[in-house]
There are 2 protein chains.
Amino acid sequence: MTVMENLAKIFPKNNYDNQDKVLLAVDCIIFGFDDDELKLLLIKRNFQPEKGKWSLMGGFLGMNETLNDAASRVLNNLTGLNDVYLEQLSVFSDLERDPVERTVSVAYFALINIKKNDKKLIRANSAQWFSLSEVPPLIFDHNEMVQKAIKQLRYKTSIQPIGFELLPDKFTMRQLQKLYEAILNQSIDKRNFSKKISQLDILLKLDEKDTISSKKGAYLYKFDEKKYRQKAANGFVFKL
Amino acid sequence: MTVMENLAKIFPKNNYDNQDKVLLAVDCIIFGFDDDELKLLLIKRNFQPEKGKWSLMGGFLGMNETLNDAASRVLNNLTGLNDVYLEQLSVFSDLERDPVERTVSVAYFALINIKKNDKKLIRANSAQWFSLSEVPPLIFDHNEMVQKAIKQLRYKTSIQPIGFELLPDKFTMRQLQKLYEAILNQSIDKRNFSKKISQLDILLKLDEKDTISSKKGAYLYKFDEKKYRQKAANGFVFKL
DNA sequence: TCAAAAGTGTTCACCGTACACCCATGG
DNA sequence: CCATGGGTGTACGGTGAACACTTTTGA
């Protein structure tokens, strides 16, 4: 029996009876990377209100799940993926953000490998990938959430190598650089970039080469998660 | 008539009827600075559950206020202060975090000038300032909230001069340094510190001296908010 | 006159940034 | 053989960090 269960016994449920309750939702800002571009997965709402308009994928918090659970559930419903990088962003609680009813929403941002998601599920949800530069007007305060998520993604990327979640398992230095350029929205010198990345010492250089995009062929790398965790645990700073 | 009001007319309130609602609370981690130490304002709960134990100051979200409103209200009730630096930290939603009833809580952190708070109100709430090193065990997951707030305070301080909220209007370079040392929990070379601060060019050096703590007397400074805002607007980075 | 805090400059190591040429290969 | 992308090293300036002595004045 946990401490909490003990407490629940000692203190009967009789204290918060007069308090208002609200609807709590989660909304997911889902990032992917393809064609050298950062993309966002949006759904076309097939229910009222705002049916037919573009929206973030969201859902309500159930009584028997945490907010992280709810966000995972929502993400899984849309993409079929589990164990996705997911991070709480911020809470939105404006009184009229949802015209139907007072709803407070917790925005989550997720990074997924765009090749791995389940195309059938995405179609079933009438979802679609949008380039960041072509994000349409979204319902409620969802555009604001997206802006905040982009800002957070840029910040996070600059201090932690989370970007790998967005790439295939094996990738070239060039692909990684393109990803960083897309996230940070600026071009990077390739010599400085590869130097910086190499000295982080969290990549595994494979013997294979990728010959699709060049004649010479470019070495493939893997993210070395074990090394990364060790270094992270020792307080290593991954500033890019 | 706002867009939201229009929408509310077009789409009647009939969509979310089957969804669970939860209690939403705010909890405030309130920092102050005194005697060269960072302190935390905690209350002794005078109601069940956990009556008599130490806790963060908190309250429930009402139907007609945003979370920021709720946090301000809670803070005002305890300190009598308005216009306090307040920032949303993170949401806590573990199923059993509150043994009485499922409650989701949004943690806020606040920085206040310890000299300005209303001593009567604090006494009325049986609140007390604790040094960071002497924070007692708190109810629920409040210790976890405190840890997260400290981390965030350290991070924020290193990229933005928010620490001024914690000092009196006029302060010496020494006091400012002590504050940074307390927040970052490390000692700083005073030559490097004053050089760094001076070159940020956001302080106003006054003609007055503070002669309380030394015979020679130390120049007093003011935070130059106008200059700061200008620089911040131009993308100036305040890295300490 | 002395104790206690204030105030102030220089040096060095490291890091970020700018920058250009040769290599391998498929067509 | 040439066009295309891959791969690599160096030089410079700026910033963070270490470090010590003089000044003032009340007691």
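Residue numbers start from 1 in every chain, and the chains themselves are labelled A, B, ... in the order their sequence lines are given, proteins ahead of strands.
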Touch class at under 4.0 angstrom, heavy-atom based, for A/Thr211 against every strand present |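 Here A/Thr211 touches no strand at all.
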Name the nucleic acid region contacted by B/Thr172, choosing base, sugar-phosphate or nothing; use a 4.0 angstrom heavy-atom cut-off, strictly under.
->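 Answer is nothing: B/Thr172 stays at 4.0 Å or more from every strand.
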Do A/Asp189 side-chain atoms and A/Arg191 backbone N/O form a donor-acceptor pair below 3.5 Å?
->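 Yes, A/Asp189 side chain to A/Arg191 backbone: donor-acceptor pair under 3.5 Å.
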Side-chain donor or acceptor of B/Gln177 paired with backbone N/O of B/Ile188 under 3.5 Å |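 Checking the backbone N and O of B/Ile188 against the side chain of B/Gln177, a donor-acceptor pair under 3.5 Å is found.
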Nearest listed nucleotide, side chain of B/Lys195, among C/dA6, C/dG16, C/dG9 |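 That would be C/dG9.
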Given C/dG7, D/dC19, D/dG7, which nucleotide is nearest the side-chain atoms of B/Tyr219?
->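 Given the options C/dG7, D/dC19, D/dG7, the side chain of B/Tyr219 is closest to C/dG7.
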Would you say B/Arg174 reaches C/dA6's phosphate, i.e. side-chain N/O to OP1/OP2 under 4.0 Å?
->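 So the side-chain polar atoms of B/Arg174 do come within 4.0 Å of the phosphate oxygens OP1 or OP2 of C/dA6, strictly under.
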Can you check whether A/Lys196 has a side-chain N or O nearer than 4.0 Å to OP1 or OP2 of C/dG16?
->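 Answer is yes, contact under 4.0 Å.
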Does B/Lys148 pair with B/Glu144 as a salt bridge, N-O distance under 4.0 Å?
->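 No.
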Check if the side chain of [X] and the base of [N] share a donor-acceptor pair of N or O atoms closer than 3.5 Å.
X: A/Lys216; N: C/dA24; result: no
X: A/Lys190; N: D/dG7; result: yes
X: A/Lys215; N: D/dT4; result: no

How close or far is atom [atom2] of [N] from atom [atom1] of [X], stated in whole angstroms?
X: A/Lys205; N: D/dG6; atom1: NZ; atom2: C1'; answer: 10 Å
X: A/Gln199; N: D/dG9; atom1: CD; atom2: P; answer: 14 Å
X: B/Lys209; N: C/dA6; atom1: NZ; atom2: C1'; answer: 7 Å

With DNA chain D as reference, determine whether A/Asp189 or A/Gly217 sits nearer its 5' end, using the nearest nucleotide of each.
->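 By nearest-heavy-atom nucleotide position, the 5'-most residue is A/Gly217.
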Taking for each residue the nucleotide of DNA chain D bearing the nearest heavy atom, is the 5' side occupied by A/Ser213 or by A/Asn192?
->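 Result of the comparison: A/Ser213.
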Test item: A/Lys226 and A/Asp224 side chains (from C-beta on) under 4.5 Å apart, heavy atoms |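 Yes. Closest side-chain heavy atoms under 4.5 Å.
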Establish, yes or no, whether a centroid distance under 6.0 Å links the rings of B/Phe223 and B/Phe171.
->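 Ring-ring flag for B/Phe223/B/Phe171: false, centres at least 6.0 Å apart.
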